[in-house]
Structure formats: structure tokens, C-alpha cells
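Notes follow the structure.
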Amino acid sequence: MYTEAFITIAFGIAFVSVCAAVLAVRRVKKQISEISEALEDIKNGNGNRRILAETHELTAPLAYEINDIILSYENRLSACHKTDETNRQLMTSLSHDVRTPLTTLIGYLDAAHKGIVNGKQRDDYIETARRKAYDLKEYIDVLFDWFKLGSNEFSMNISTVDLTELTRNILTCWIPIFEDAQIDFAADIPERPFKVQIDPDGYMRILNNLIQNIISHSHADKVEIVLSGQEGNIKILLSDNGAGIDKEDLKHIFERLYKCDKGRSEKGSGLGLSIVHQLVSKLNGTITAESAPGEGTVFKLLFPLAE
């Protein structure tokens, strides 16, 4: 009697187990079918599709992994679209910013060459053409820097450098330009060395781009640079008393092709500060900006001191 009862219970347990297994298999097959359907939907362009699964389900780890892959793919696709849009804007800007000064340059040189202008007027035309040529060279240099930074060919020659001495040497070349632009310039650079692991050319481009940005856009008549130590870093403050930057614009000044609309000149590629930001990052530094309309702008750079 007990044996029959035991057998009945065993059969009952076995039956329940088989039924549970069958249901589980059916559930897994249904989930796999849903995953397959979702993947087909994603394949057809629906990047917002996600695969739903409860944490206790057998297919949950697979569903979550696929969702992560989809999200990663969408992020990369979004970055590609953003890059394509940036390149499109860059080409539009290039067609205007290069063709316009080039056409003007040719016009002035043709007038001087054909004798349409003579004497002092001819000299003025040649001088104007010279300035236009330098503007064009400046733009092309920035453009090459931009493309080079985005390519695999970009490399840096890192070495231990006294940043105070390097900064002095860079600023020496700017003194005649400040004088010509009627900008008062002051520098506070310590006598003691600050050793930094840095690429000298990269640092020179950073400083040159920042100063050129001030001269071209800020309408300032005073520029000051101050170097000092700060908690294992060297701090470089570059400030001006120019028009300043609106709070909303300030959030975007290091973005590609961004140009401020208020109190700023239309001249420029919109790449200079973006290049600065990328170079600073590649040199393990940080850069921030503080500004307000009518109160000037302060750029703050930090680079770690060499041990």
C-alpha cells in the first residue's frame, strides 16, 4: 500500500516536473522568437527597440547583453552622424572662409599687377593682399591642425620641459603683435622652474590659439598671463578685459565649429578653441573658462608637474 502511494507521488512529481520543463522550454522558445523578431526590427533601422526579460528568466543574461550591444551601436551611430554633420558644416565654412579671402587677395594682386592702381595706392593694395594672405594661412593652419588631431597620424613628442621658460619664449614672439594691435600686455611668470612632461609644440599651439582668439574676437585692450603652482600642477591664467562671453555661449566655446554671436567677430573657423581643448586633453591637462558680458574672459589651464 505504501509502495503504491509512493509510486503515485513519484509519478505525480515527475509529471509536474515534466510539465514545468515543457513550459520552460516553450517560454524559452517564445523568448528566442521575440529576440529574433526584435533583432530583425533593429536590423531594419529601429534602434530604439529593446528586448524585455525578467531577471530570473533563462534568456535574461542574453537579452541584457544584446541590449548593451544595441545601445553601444546606437551611440557609435549617433557619433558618426554628428561627425558627418560637423564635416558638412566644415566644408560649408571652408568654401566661404577660404574662397572669400582668396578671391579678394587675387583681386588686389591683379589690380597692382595690371597697373590699375599706382604709387601709394598700389602699395596699399599689396599690403592688403599680404594681410589677406596671412589670414588665409592662419585659417589653413588651424584646419590642418584639426584634421591632424582627428587622424591616426597625430603624435606628440613628450619631454620634460621647464614650462616657465617655454612660456616666456612663446610670449616674446607676441610682443610686437600686441603693440601693433595696441593691446597692453602683462606677464607674471615665476623665476623658479616648473618642470612638466609635455610636447613643446603642442603647448605652443595651445597658447598661440588662445592668444589669437583674444586678439581676433575679444575686442580687448589688455591681456595678462599668470603662472603659479597649484597642488601638484602648474596653473596658467590667461585673461583679457574684452567684451566677454554670454553664459549660454560659454557652455559651448570648446565645441567644434561653435561661434559666439554676441560681442564676437564673425572672423574665424570656429575650430581654434576646440583644437586647444583637444590638445590640452592629450597632454593630460584641463582647461576651463570664466566670463561674463562686459567683464572679460579668463582661461585657466592646469598641467601636472613632473615628479
Side-chain angles (χ1 to χ4, degrees), residues 75 78-80 82-87 89-90 93-94 97 138-158 161 163 166-167 170-171 174 196-218 220 223 225-227 230 233-240 242-265 267-292 296-305:
N75 289 337
S78 176
C80 287
K82 187 175 181 180
T83 299
D84 287 343
E85 176 62 18
T86 298
N87 289 338
Q89 293 177 25
L90 187 57
S93 175
L94 180 64
D97 294 339
E138 177 191 327
Y139 181 86
I140 292 172
D141 285 345
V142 169
L143 200 62
F144 279 146
D145 278 346
W146 169 252
F147 282 120
K148 194 174 180 181
L149 276 169
S151 73
N152 294 326
E153 298 176 2
F154 183 81
S155 62
M156 288 186 161
N157 297 313
I158 304 297
V161 175
L163 209 63
L166 178 58
T167 303
I170 294 170
L171 295 176
W174 282 97
V196 176
Q197 286 281 330
I198 207 165
D199 173 47
D201 288 339
Y203 178 72
M204 180 175 66
R205 279 184 285 176
I206 290 167
L207 213 54
N208 285 347
N209 278 8
L210 288 174
I211 294 173
Q212 186 60 57
N213 181 75
I214 292 172
I215 293 175
S216 299
H217 304 298
S218 72
V223 174
I225 186 166
V226 178
L227 271 66
Q230 179 180 307
N233 298 289
I234 182 170
K235 178 174 70 174
I236 302 107
L237 296 179
L238 183 62
S239 59
D240 67 68
I245 304 171
D246 184 83
K247 182 179 179 180
E248 190 58 34
D249 287 326
L250 194 62
K251 299 176 184 177
H252 306 285
I253 60 170
F254 295 117
E255 294 177 7
R256 293 173 291 185
L257 300 177
Y258 190 84
K259 296 183 182 181
C260 300
D261 295 322
K262 300 175 182 179
R264 311 280 283 183
S265 167
K267 178 184 175 183
S269 63
L271 294 174
L273 291 181
S274 177
I275 289 171
V276 166
H277 189 270
Q278 289 190 68
L279 284 170
V280 170
S281 179
K282 288 180 180 292
L283 292 171
N284 298 319
T286 61
I287 181 168
T288 55
E290 296 180 4
S291 186
T297 302
V298 179
F299 288 100
K300 175 183 175 182
L301 296 104
L302 290 175
F303 292 105
L305 294 171

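By convention here, the first residue in the shown sequence is residue 1.
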Give, for atom CG of D201 and atom CG of L166, the distance between the pair rounded to the nearest 0.5 Å. 9.0 Å

Which distance, rounded to the nearest 0.5 Å, do you find between the CG of L163 and the CG of L301? 9.5 Å

On a heavy-atom basis, which atom in G202 and which in L283 lie closest, and how many Å separate them? C-CD1, 4.3 Å

Under a 4.5 Å cut-off applied to non-hydrogen side-chain atoms, are L210 and I214 in contact? no

A side-chain contact here means heavy atoms from C-beta on lying under 4.5 Å apart; do Y203 and L279 qualify? no

Can you tell me how far apart CD1 (I253) and CD1 (I287) are? Round to the nearest 0.5 Å. 7.5 Å

For the CH2 atom of W174 and the CG atom of L207, what is their distance to the nearest 0.5 Å? 9.0 Å

Any heavy-atom pair between the side chains of I211 and V223 that's under 4.5 Å? no

Rounded to the nearest 0.5 angstrom, the CG-NE2 distance for D246 and H252 is 10.0 Å

Could you tell me whether the side chain of N233 and the main chain of K235 form a donor-acceptor pair under 3.5 Å? no

Is the shortest heavy-atom distance from the side chain of V196 to the side chain of V161 under 4.5 Å? no

Measuring from L237:CG to E290:CD, what's the distance to the nearest 0.5 Å? 9.0 Å

For T286 and V280, work out which heavy atoms get closest and say how close. N-CG1, 3.4 Å

Is there a donor-acceptor pair closer than 3.5 Å between any side-chain N or O of S281 and the backbone N or O of H277? no

What are the two closest heavy atoms between M204 and I170, and how far apart are they? CA-CD1, 3.5 Å

Correct closest heavy-atom pair for T297 and G244 would be OG1-CA, 3.8 Å

Could you tell me if the side chain of L273 sits less than 4.5 Å from the side chain of F299, heavy atoms only? yes

So, the side chain of S291 versus the backbone of G296: is there a donor-acceptor pair under 3.5 Å, distance only? yes

